[in-house]
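Values in this document were obtained by computation on a predicted structure and should not be read as measured data.
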There are 2 protein chains.
Amino acid sequence: MSADRTAGGKVLAVLAAFSRERPALTLSELARATGMPLSTAHRVVAELREWGALERGPDGRLRIGLRLWALGALAPRGLGLREAALPFMEDLYEVTHQNVQLAVRDDTEVVFVERIAGWDAVPVHTQVGGRFALPPTGVGLVLLAHAPAEVQERVLAGPLQRHTPYTLTDPRLLRQVLAEVRRTGVAVSDRQVTTDAVSVAAPITAGDDVVAALSVVVRGESPAAVRALTPGVRAAARGISRELGRAAAGTWPVDRGKGVSG
Amino acid sequence: MSADRTAGGKVLAVLAAFSRERPALTLSELARATGMPLSTAHRVVAELREWGALERGPDGRLRIGLRLWALGALAPRGLGLREAALPFMEDLYEVTHQNVQLAVRDDTEVVFVERIAGWDAVPVHTQVGGRFALPPTGVGLVLLAHAPAEVQERVLAGPLQRHTPYTLTDPRLLRQVLAEVRRTGVAVSDRQVTTDAVSVAAPITAGDDVVAALSVVVRGESPAAVRALTPGVRAAARGISRELGRAAAGTWPVDRGKGVSG
DNA sequence: GATCGTCTCCCGTCAGGCGGAAGGGCACTG
DNA sequence: CAGTGCCCTTCCGCCTGACGGGAGACGATC
């Protein structure tokens, strides 16, 4: 939001002004949103447009450009991961016709990287690129269970938001659940986000690190709803892990506790 | 490549150094690739890292960060389009188990936005985010047929690369094909990219504009291979178009001839 | 311990970012 | 058709913050 003092910061501030809620902005809106003078915004935007980071539609509004999208596609935790995972997710979807989700952890949040859903599946309010708290979701439980201790502590210490009567908010209980997740290799989220959905998730690994999680979300009112799906999810997750190992060398990062600069 | 004189240019130059071939770079490699002094690269990278545009893996290499990926996801012609199209692509995939592709046009090239493929499908060398010439591909033919005249002229005038003995390289012939594509509403690419693959494509529209194209690629040695698929592809493309119309207002840009500033 | 590669930090200089102001284009209004 | 309120674009002099050489830490490899 606040206009950076630095030149590069302004470039980033302009980009940061775009969000899921506001994917298209006029120059003036952009200037207001970033708090920078119109002429400054204009100059920065011109540079970004020339490069292809921003595009201007026929309505005159600015949008994220195709080049930036393609660049983002190079993120190993974005499309790289997705590329490896999609065929397995397809299989899972074809069998279940339910929501199939792929997610990674970013600090104390889960970021959804891919989601397949038919029209008949339970409506879930996750979107690709979207974020959510870790504890209530299946994928989040998996990712949290295998996160560095320091991250776990911060999550357990912080306020745990309640979404339904079933949401776990007791740190002690949550700790037990996480241990269970580590022991069994799967996580089940029973109506913790909405009262009509249950999910089962399994970890995806690269080397010794858990780099992502895969889940299936179904309509249901008890863990039994996903029991039959568990083997399928585990198998798919392992398949993806294997595929990742096969991928080109040096493509795989690991997620460390906090993204602070060194 | 060449290090920009401006501060913002340096930021973009650093980002541009990442490519499909080189998705991970050390700081020094980055400095060499962009031609900027190490200390300058260091400063720029620090800023980008703090913002989340770049991440550093445990191997010390820099990669495109999750935040940049999420930002790219806001591109209407990227994920926005994909989001609307995926369910229909699923259906098509489930029926055919072949490559199902979604693409848009960027100037005189086709950019692949999504691709679903099983293991048994014909191997095609397209990747999400990747580019290709327009004329030889099914999606490209559709997009070219509905492109502004000025774009068509440039493509037809420019050298038309031959990939197989079947590739159309005669501008006159190509012009006829394009007319045919406009008349029938579908395009068939018969072994124009590889000698064992045939594809059928249909346009996706928003308002009166063709904004994308959908195709199925199958193993085959004549247009007959895709005849049975044609209605399915058309239907799916229309379904996606309808879905786009339903999408939130003001989300849809139109592709104009050249991206020159006005 | 020498040599090469990597990354990080400091700081004096001066190029280039900054943003106020002015001007032009549209659309709607009285 | 002057008046008002948006939008966008361009210009240009001031001065700040970007620039990059250099020094130094660290880690491999020989």
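Of the residues near DNA chain D, A/Glu29 and B/Glu47, the one whose nearest nucleotide (by heavy atom distance) lies more toward the 5' end is A/Glu29.
Of the candidates D/dG21, D/dA18, D/dC7, the closest approach to any side-chain atom of A/Ser28 belongs to D/dC7. When each of C/dG19, D/dA18, C/dC7 is scored by its nearest atom to the side-chain atoms of B/Arg56, the top-ranked nucleotide is C/dC7. Listed candidates were D/dG20, C/dG20, D/dC8. Nearest to the side chain of B/Thr40 is D/dG20. Counting only heavy atoms from C-beta on, A/Leu27 has its side chain closest to D/dT9 among D/dT9, C/dT8, D/dA18. You'll find that the side chain of A/His42 is closest to D/dT10, out of C/dG20, D/dT10, D/dC8. Among the nucleotides D/dC19, C/dG19, D/dG22, the one closest to the side chain of B/Ser39 is D/dG22. Proximity note for A/Ala7 (side chain, C-beta onward) versus C/dA21, C/dG17, C/dC7: the nearest is C/dG17.
The nearest whole Å value for the distance from the CZ atom in A/Arg43 to the P atom in C/dG20 is 12 Å. In this structure, CG of A/Asp59 is placed 19 Å from P of D/dC6, rounded to the nearest angstrom. Atom NZ in A/Lys10 sits about 14 Å away from atom P in D/dT16, given to the nearest Å. The nearest whole Å value for the distance from the CG atom in B/Leu12 to the C1' atom in C/dG17 is 15 Å. The separation between B/Leu38 atom CG and C/dT8 atom C1' is 9 Å, rounded to whole Å. Nucleotide D/dC8 holds its P atom 15 Å from the CE atom of A/Met36, rounded to whole Å. Between B/Arg61 atom CZ and C/dC7 atom P there is a gap of 9 Å when expressed in whole angstrom units.
Atom CD of B/Glu50 has 12 or fewer heavy atoms from other residues, nucleotides or ligands within 6.0 Å. Counting non-hydrogen atoms of neighbouring residues, nucleotides and ligands closer than 6.0 angstrom, the CZ atom of A/Arg131 exceeds 12 such neighbours.
Contact record, B/Asp107 with B/Arg154: OD1-NH2, 2.9 Å, taken as the closest heavy-atom pair.
A cation-pi arrangement is present between A/Arg67 and A/Trp51 under the rule of less than 6.0 angstrom and at most 45 degrees off the ring axis.
Between the side chain of B/Arg105 and the backbone N or O of B/Val142, no donor-acceptor pair lies under 3.5 Å.
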